[in-house]
Structure formats: C-alpha cells, structure tokens
K.L.:
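Have a look at the structure that comes next, please.
Note: hydrogens, waters and symmetry copies are ignored here, and every other heavy atom, side chains too, is used.
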Amino acid sequence: MEPDSHPDWMSRLPGPLLQAPLWDLAIPGSHDSMSFCLDMSSPVLKSEPTLLRLLDCLFPCCTRPCIQRWSTTQRSVLCVQCEMGIRFLDLRIAKKPAGGATLFFAHGVYTLISVKEALEELCIWLEAHPREVVILSCSHFERMTDDDHRDLVHFILTLFGSKLCPPQEHPSLSSCWLQGQQLIVSYEEDQIVKEHPQLWTSIPYWYANSPNTKEVIRYLDNQLSGGRPEKFFVSGLNLTEDLAYVFLHPSLNLQKLTLRGLPLLLRWTNQQRPGAQRDGVNILCSDFIGFSQFCSIVIGLNYKLLDSTLNCPGKLDRSTTD
C-alpha cells in the first residue's frame with residue numbers, strides 16, 4: 001500500500017474550517033514519534049519494569065531483540081511523518097545515566113538521534129511549509145534536572161522563535177497564519193510552563209493500555225461519552241503489551257499486533273466527527289502511521305465539520321456558541 005502524502009493539507013482546507021479552533025479539527029498524530037531510531041546498545045530506561053531490567057542484565061542477547069520488536073512504533077523520520085500529514089508529534093525525552101548535556105528520545109531504550117538534531121530537522125520542514133501548524137508534546141523527561149529543562153526550553157525558543165504559537169483562547173489556522181506561527185509546544189512540567197508563557201500545558205492523552213483492539217475502542221467510546229476536554233486532547237489508537245503478553249506471544253511484535261488491529265481501529269476512526277460537540281474528536285494518534293491510510297482518514301473527518309457548517313453558518317466559531 002502506498003503511504004499517505006499530505007504535506008500541505010492544512011493550507012488546503014476550505015475557508016470555513018480556517019476559522020475553527022485547532023482543537024475542533026481532526027488532527028493526525030504519531031504515537032512515540034521518535035522510536036524508529038532506537039539505540040540497542042544504550043541502557044534500558046530506569047522507568048521500565050524491574051524484571052525487564054534484571055533480565056537485561058542477565059540475558060541481553062535475549063532481551064534486546066525483544067525490546068526492539070516491542071518498543072519500535074514508527075519507521076520514519078519526523079519530516080517524512082509530516083509529509084504524510086502528521087501534525088502532532090509525541091516526543092518522550094530523556095537523559096542517559098552516564099550524564100552529559102545531550103538529550104535523547106526514549107522508549108524502552110534511548111534513541112540514536114538527539115533531541116536537538118530532530119528539532120532542527122523539524123524547523124527546516126516548517127520553513128518549507130509556512131502554512132502548516134505542528135503540535136509538539138514533550139513529556140516523560142526521564143533523569144532530567146531543572147537545568148536540563150531550562151536548557152531544552154531555551155533551545156526550543158531560540159530555534160523556533162516567532163514560529164511559536166503561545167497559549168490563547170481560540171488558536172485557528174487563520175490566526176496562526178496572520179502571526180506567522182507554526183508550532184505549538186506542550187510541555188509536561190508545570191513549573192517550566194509557568195516560567196515560559198510560550199509553552200502550553202500538558203495535552204491529555206487517552207490511552208487504553210491494552211493489546212485488545214475491541215477493548216481500546218470500548219475505552220475511547222467510554223471516554224467520549226463522558227464529554228471531550230475543552231481544548232486539545234489525544235485519542236490513542238495504539239495497542240499496548242505488558243511483559244506477560246510478550247512472553248505468551250514469542251512470535252509476535254508490535255508491528256504485527258498493530259497491523260492486525262488497524263482495520264477495526266480505522267473503521268472506528270472513520271465513524272467519528274471532530275468539533276465542539278460533547279463527543280467530538282481532536283488529535284488521533286497511531287503507531288506505524290506509514291502502513292495504512294490513517295492520515296487520509298483523519299484529515300477527511302474535517303469535511304464532516306464543513307458539511308455541518310454549510311447547514312448552520314457560524315457553527316464552527318465557539319465564541320458564538322459558548
């Protein structure tokens with residue numbers, strides 16, 4: 001199957017959608033966006049289960065292939081993901097126990113590519129696509145000190161400068177274009193957010209934590225039935241294993257598990273609607289985003305919003321309905 005290609009989908013949305021708050025649009029995202037470049041010679045994260053870390057010390061020849069099979073969630077660099085249409089990047093940042101100033105991404109183990117290298121690549125992509133808006137979710141922060149946080153934020157603010165969109169009441173594509181803003185940075189560290197008004201608070205990620213596709217769908221349906229958050233939030237389509245599941249399925253890996261569940265998950269996705277209504281979706285995240293028409297389906301949901309707007313002018317504008 002040919003991968004999705006939607007490098008400029010936001011700039012091509014019809015006029016009525018350009019005024020909608022970004023949290024009323026359907027936005028494709030990648031779960032654990034940087035896990036395509038795991039360094040299998042790096043240490044296992046301290047946050048991983050104690051049993052896994054113990055087994056890794058005793059039998060690394062067995063645990064390392066297993067970690068790679070179950071911790072890799074994507075297959076392409078950030079600019080390729082953005083070319084496919086991804087506009088939400090899930091960045092889990094960590095510092096290696098050996099110290100040093102360099103920060104990496106992490107999922108099970110650390111990545112080969114540093115945080116600065118990946119963000120510089122993203123900045124180049126944004127410059128080539130001036131009407132696309134990307135949301136970064138920075139989280140987990142394993143082993144990071146206060147100084148590490150401040151150095152990272154300083155790098156982000158310096159690198160992206162006026163491209164950053166600070167927190168505001170109704171960020172829309174049109175308002176971002178007017179100000180030349182292209183990047184929303186969510187940061188999962190409250191004190192750092194308080195110190196830097198350019199940063200957004202942590203974005204809720206609805207995560208079923210199950211390898212069962214039907215259980216993931218039941219969880220998301222239950223969450224939506226309780227009412228969506230007012231601003232950005234993520235519905236995670238990703239399946240998740242635990243150590244017991246891995247041991248009981250030695251011939252399986254996360255890619256096979258994901259591809260097996262994707263048809264049902266994408267069918268559920270295609271039935272959703274974005275928007276301000278109680279059960280409206282916003283950001284939807286998946287693993288292995290290049291192996292299906294995930295981006296096309298999520299982007300296409302926005303046209304359901306357009307249909308409702310044509311029947312009821314002004315419906316997209318929360319300021320007229322709140």
Side-chain angles (χ1 to χ4, degrees), residues 4 6 9-10 12-31 85-90 132-137 165 167-176 184 186 200-208 213-238 262 264-286 289 292-322:
D4 281 4
H6 303 282
W9 69 265
M10 285 181 158
R12 295 177 178 176
L13 287 176
L17 300 184
L18 305 182
Q19 308 299 324
L22 291 172
W23 44 71
D24 284 354
L25 297 180
I27 298 173
S30 59
H31 170 244
I86 294 297
R87 295 295 179 269
F88 174 89
L89 298 169
D90 176 21
E132 299 302 299
V133 177
V134 172
I135 303 168
L136 295 188
S137 174
C165 173
Q168 51 192 263
E169 287 300 316
H170 298 283
S172 64
L173 287 173
S174 60
S175 67
C176 287
I184 289 170
S186 161
W200 294 66
T201 55
S202 178
I203 294 175
Y205 194 118
W206 289 352
Y207 181 51
T213 306
K214 292 182 179 178
E215 181 60 33
V216 171
I217 290 174
R218 277 195 294 269
Y219 169 81
L220 293 176
D221 280 337
N222 184 61
Q223 291 291 102
L224 288 170
S225 70
R228 56 156 290 169
E230 288 186 2
K231 298 185 177 180
F232 293 116
F233 75 103
V234 180
S235 300
L237 304 179
N238 40 292
L262 265 178
L264 192 57
L265 289 168
L266 294 181
R267 194 175 310 132
W268 177 88
T269 301
N270 205 30
Q271 295 168 351
Q272 306 309 304
R273 291 181 72 94
Q277 72 276 7
R278 183 180 178 83
D279 60 350
V281 295
N282 177 214
I283 301 164
L284 296 108
C285 271
S286 178
I289 50 95
S292 71
Q293 297 301 305
F294 166 72
C295 287
S296 293
I297 291 171
V298 176
I299 293 167
L301 297 180
N302 291 301
Y303 291 85
K304 295 182 180 181
L305 251 182
L306 178 65
D307 292 341
S308 65
T309 306
L310 294 175
N311 294 328
C312 184
K315 190 174 182 179
L316 285 182
D317 188 353
R318 280 176 178 252
S319 63
T320 66
T321 58
D322 289 352

K.L.:
Under a 4.0 Å N-O cut-off, is there an ion pair linking Asp24 with Arg228?
P.N.:
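Yes.
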
K.L.:
Short question: side chain of Asn238, backbone of His31 - any donor-acceptor pair under 3.5 Å?
P.N.:
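No, Asn238 side chain to His31 backbone: no donor-acceptor pair under 3.5 Å.
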
K.L.:
Do you know the tightest heavy-atom contact between Gly280 and Leu224?
P.N.:
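Closest approach of Gly280 to Leu224, heavy atoms only: O-CD2, 4.0 Å.
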
K.L.:
Could you check whether any side-chain heavy atom of Gln272 comes within less than 4.5 Å of a side-chain heavy atom of Ser235, counting everything from C-beta outward?
P.N.:
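They are not in side-chain contact.
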
K.L.:
Would you say that Asp4 contacts Ile289 through its side chain, given a criterion of any heavy-atom pair below 4.5 Å between the two side chains?
P.N.:
no

K.L.:
Is it true that, when you exclude Gln271 itself, more than 12 heavy atoms of the residues, nucleotides or ligands shown sit nearer than 6.0 Å to its CD?
P.N.:
yes

K.L.:
For Ser186 and Ile203, work out which heavy atoms get closest and say how close.
P.N.:
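Scanning both residues completely, I find the closest heavy atoms to be OG-N, 3.2 Å.
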
K.L.:
Drop me the distance from Ser137's OG to Leu89's CG, to the nearest 0.5 angstrom.
P.N.:
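That separation rounds to 9.5 Å.
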
K.L.:
Nearest 0.5 Å please: distance from the CG atom of Asp279 over to the OG atom of Ser225.
P.N.:
9.0 Å

K.L.:
Below 4.5 Å, heavy atoms only, C-beta onward: do Thr213 and Trp268 meet side chain to side chain?
P.N.:
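Heavy-atom side-chain distance check fails, nothing below 4.5 Å.
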
K.L.:
Could you pull out the closest heavy-atom pair between Val298 and Ala26, with the gap in Å?
P.N.:
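Scanning both residues, the minimum pair turns out to be O-CB, 3.4 Å.
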
K.L.:
Quick check: do Leu305 and Arg273 have side-chain heavy atoms less than 4.5 Å from each other?
P.N.:
no

K.L.:
Could you grab the distance from atom CG of Leu306 to atom CG of Leu301, nearest 0.5 Å is fine?
P.N.:
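Between atom CG of Leu306 and atom CG of Leu301 there are 13.0 Å.
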
K.L.:
With rounding to the nearest 0.5 Å, note down the distance linking NE2 in His170 to NZ in Lys231.
P.N.:
8.5 Å

K.L.:
Rounded to the nearest 0.5 Å, what separation is found between the CG atom of Leu264 and the CD1 atom of Ile217?
P.N.:
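Rounded to the nearest 0.5 Å, the CG-CD1 separation comes to 3.5 Å.
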
K.L.:
Is a side-chain donor-acceptor pair under 3.5 Å present for Ser172 with Gln19?
P.N.:
no

K.L.:
Using the side-chain contact (heavy atoms from CB on, under 4.5 Å) rule, take Ser286 and Leu265 through it: C-alpha gap first, then chi angles, then the decisive distance, then the call.
P.N.:
CA-CA 9 Å; Ser286 178; Leu265 289 168; over 6 Å; no

K.L.:
Suppose we screen for side chain to side chain contact (heavy atoms under 4.5 Å, CB included). Which residues come up paired with Pro167, at least two apart in sequence or across chains?
P.N.:
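Partners of Pro167 under the side chain to side chain contact (heavy atoms under 4.5 Å, CB included) test: Trp200.
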
K.L.:
If you measure from CD1 on Ile135 to CZ on Arg87, what distance do you get to the nearest 0.5 Å?
P.N.:
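Separation between the atoms: 10.5 Å.
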
K.L.:
Using a 3.5 Å distance criterion without hydrogens, assess whether the side chain of Asn302 forms a donor-acceptor pair with backbone atoms of Leu25.
P.N.:
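No, the answer is negative, given that no donor and acceptor are paired below the 3.5 Å cut-off.
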
K.L.:
Taking the six-membered ring for Trp, are Phe233 and Trp206 ring centroids under 6.0 Å apart?
P.N.:
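Yes, the ring centres sit under 6.0 Å apart.
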
K.L.:
Please report the closest heavy-atom contact between Asn270 and Lys304, naming both atoms and the distance.
P.N.:
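Shortest heavy-atom contact: O-NZ, 2.7 Å.
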
K.L.:
Identify the two heavy atoms, one from Val216 and one from Gly236, that lie closest to each other, and give their separation to 0.1 Å.
P.N.:
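Heavy-atom minimum between the residues: CG1-O, 3.9 Å.
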
K.L.:
Classify the ring geometry between Phe232 and Trp23 as parallel (under 30°), tilted (30 to 60°) or perpendicular (over 60°).
P.N.:
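Because their plane-to-plane angle is over 60°, the rings of Phe232 and Trp23 count as perpendicular.
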
K.L.:
For Cys165 versus Gln168, what's the shortest heavy-atom pair and its separation?
P.N.:
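Shortest heavy-atom contact: SG-NE2, 3.2 Å.
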
